[in-house]
Amino acid sequence: MSRLIFDNIRDLSLKETLDCGQCFRWKEQPDGGFFGVVRGRAVTVYSDGDRLLIDGASEDDRALWADYFDLQLDYAAVKEQLAAIHPEMAQAARFAPGIRILRQEPFEALISFIISQNNNIKRITGIVDRLCGCFGEEIADGVYAFPTAGRLAALEADDLAPIRAGFRHRYIIDAARKVADGTVDLELIRGLPYDEARQQLMQITGVGVKVADCVLLYGLHRLESFPLDVWMKRAMARLFDGLDPGAFGDYAGIAQQYIFHYSRSHPEKFLS
DNA sequence: ACCCAGGAAATTC
DNA sequence: GAATTTCATGGG
């Protein structure tokens with residue numbers, strides 16, 4: 001298989017981007033690469049100076065991978081704009097300047113963030129792995145795609161027992177069924193006004209405001225989304241003195257990811 | 001044993 | 001309606 005090369009890439013760190021809590025299927029390899037599966041394509045990605053290398057990708061998928069890593073957006077300009085809003089924002093962006101917001105598969109983002117509720121990232125990763133291993137298509141030896149909505153829709157909640165997601169099993173099945181039968185149309189939601197998009201997603205049992213915001217940001221690339229989890233609420237109260245998230249404007253979602261990762265990496269700031 | 005985890009549903013007040 | 005409890009599971 002071939003290797004895709006993107007030259008002159010700025011503001012991208014694979015480790016920061018793939019290990020900052022926005023996605024759950026990339027595994028760091030001993031050689032420094034990251035192995036993952038996106039839209040049924042298994043690849044290993046590497047950084048080499050200002051080049052991004054994608055092993056196992058076809059030239060036909062160049063646009064797909066540029067899209068996935070959001071290579072067309074000028075993150076330097078976004079960071080400059082955000083840093084001017086608040087000094088803590090500037091510091092958070094400086095801590096992990098190579099974070100980018102991925103364009104994940106919408107259905108994968110939906111299920112992943114349903115699983116995320118009242119859970120921790122390590123266990124979320126394990127549950128997603130087991131979900132793929134049990135119900136995803138095997139695309140290579142021991143490598144599985146994320147399950148389709150149709151496949152999961154045919155199951156009952158108890159069939160998910162092997163993935164050990166507990167009370168979230170029935171939420172996963174409800175989401176899969178509503179996507180499979182068109183009750184929830186993720187591609188249609190992509191183009192809706194924000195509040196309407198949120199309401200559409202919240203038809204699903206187990207999807208509230210926070211999970212809907214994560215699906216919109218990580219799955220549908222709505223960069224104005226600003227998911228507020230326990231870390232973000234603490235950060236906004238303690239580091240930003242209760243600043244209104246609206247202050248971050250059209251790129252609030254990128255600000256959110258810098259702040260989330262910064263806060264999670266500095267728990268000592270929230271001890272007292 | 002107890003508390004928490006990228007919350008939301010169910011129940012109670 | 002707003003506040004509280006419950007929901008599985010695993011790690012610290």
Side-chain angles (χ1 to χ4, degrees), chain A residues 16-26 92 95-96 99-102 104-131 133-134 155-178 184 197-240 245 248 252-272:
Chain A
E16 290 171 8
T17 295
L18 302 176
D19 194 27
C20 69
Q22 66 171 315
C23 56
F24 305 97
R25 292 209 70 199
W26 290 95
F95 176 70
I99 290 179
R100 284 171 176 258
I101 302 294
L102 301 168
Q104 300 180 59
E105 293 176 72
F107 182 67
E108 176 173 341
L110 170 60
I111 300 300
S112 297
F113 282 93
I114 284 174
I115 291 168
S116 80
Q117 70 177 76
N118 196 34
N119 212 338
N120 60 71
I121 291 178
K122 181 175 171 58
R123 199 165 84 92
I124 296 164
T125 301
I127 292 170
V128 170
D129 280 347
R130 292 189 290 276
L131 181 69
C134 291
L155 304 175
E156 299 298 330
D158 288 347
D159 296 326
L160 295 182
I163 74 172
R164 304 200 297 278
F167 64 87
R168 307 167 189 84
H169 293 162
R170 68 186 184 93
Y171 302 166
I172 294 169
I173 299 301
D174 186 61
R177 289 181 179 169
K178 282 177 175 152
V184 171
R198 223 189 211 173
Q199 289 309 314
Q200 285 290 312
L201 290 167
M202 288 170 63
Q203 295 178 78
I204 297 165
T205 308
V207 177
V209 169
K210 190 270 175 181
V211 170
D213 286 346
C214 286
V215 176
L216 285 164
L217 180 57
Y218 306 120
L220 297 171
H221 210 68
R222 292 292 290 262
L223 297 181
E224 73 270 41
S225 179
F226 197 83
L228 280 166
D229 71 320
V230 291
W231 286 100
M232 286 303 298
K233 287 176 182 171
R234 276 199 292 256
M236 293 313 288
R238 302 283 297 272
L239 304 182
F240 290 85
F248 292 116
I254 298 176
Q256 183 271 165
Q257 196 58 41
Y258 291 135
I259 296 167
F260 173 76
H261 185 246
Y262 178 71
S263 299
R264 212 164 58 92
S265 304
H266 296 85
E268 73 280 1
K269 287 186 176 291
F270 305 99
L271 285 182
S272 60

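Naming convention: chains lettered A, B, ... in sequence-line order (proteins, then strands); numbering from 1 in each chain. For clarity, every value in this text was computed on a predicted model and none was experimentally measured.
A donor and an acceptor atom never sit less than 3.5 Å apart when one is taken from the side chain of A/R164 and the other from the base of C/dT9. Judged by distance alone, with hydrogens and angles left aside, A/Y218 brings a side-chain donor or acceptor within reach of the base of B/dG6, the pair sitting under 3.5 Å.
Side chain of A/Q117, nearest nucleotide from B/dA8, C/dC7, B/dG6: B/dA8. For A/N120, taking side-chain heavy atoms from C-beta onward, the closest of the listed nucleotides C/dT9, B/dA9, B/dA5 is B/dA5. With B/dG6, B/dG7, C/dG10 as the candidates, the nucleotide lying closest to the side chain of A/Q256 is B/dG6. Nearest nucleotide to the side chain of A/V211, out of B/dG6, C/dG10, B/dG7: B/dG7. Taking every side-chain heavy atom of A/V230 into account, B/dA5 is the closest of C/dC7, B/dA5, B/dA8.
Taken to the nearest 0.5 Å, the OG1 atom of A/T205 stands 11.5 Å off from the CZ atom of A/R177. Separation of atoms CG (A/L110) and CD1 (A/I172) is listed at 9.5 Å; rounding is to 0.5 Å.
For the pair A/N118 CG and B/dA10 C1', the computed distance is 15 Å after rounding to whole Å. Spacing between atom CE of A/M232 and atom C1' of B/dG6 amounts to 10 Å, rounded to whole angstrom units. The interatomic distance linking A/Q199 (CD) with B/dA8 (P) rounds to 13 Å, in whole Å. Rounded to an integer number of Å, the gap from CG of A/L201 to C1' of B/dG7 is 15 Å. Counting to the nearest Å, the P atom of C/dA8 and the CD1 atom of A/I114 are 16 Å from each other. Following rounding to the nearest Å, A/W231 (CH2) and B/dG7 (C1') show an atom-to-atom distance of 16 Å. Distance CD1 (A/I115) to C1' (C/dA8): 13 Å, rounded to an integer number of Å. The distance between atom CG of A/L217 and atom P of B/dG6, rounded to the nearest whole Å, is 17 Å.
A close approach under 4.0 Å does occur between a side-chain nitrogen or oxygen of A/R170 and OP1 or OP2 of B/dA10.
Of the possible polar contacts, none joining the A/S112 side chain to the A/A109 backbone as a donor-acceptor pair under 3.5 Å is found. A donor-acceptor pair under 3.5 Å links the side-chain atoms of A/Q22 to the main chain of A/L102, judged by distance alone.
Across the C1' atoms, C/dT4 and B/dG6 are found 22 Å apart, a figure rounded to whole Å. One P atom belongs to B/dT11, the other to C/dA8, and the distance between them is 12 Å to the nearest Å.
Taking the nucleotide of DNA chain B with the nearest heavy atom to each of A/M202 and A/R234, the more 5' of the two is matched to A/R234.
A salt bridge does not link A/R170 to A/D174: none of the charged nitrogens lies less than 4.0 Å from a carboxylate oxygen.
The side-chain ring of A/F260 is stacked on the base of B/dG6, judged by centre separation under 5.5 angstrom and plane angle under 30 degrees.
As judged by a 4.0 angstrom heavy-atom cut-off over every strand, A/G206 is placed among residues touching the sugar-phosphate backbone only.
Screening A/N119, A/N120, A/T125 against A/R123 for a side-chain hydrogen bond (donor to acceptor under 3.5 Å, both in side chains) leaves a single residue, A/N119.
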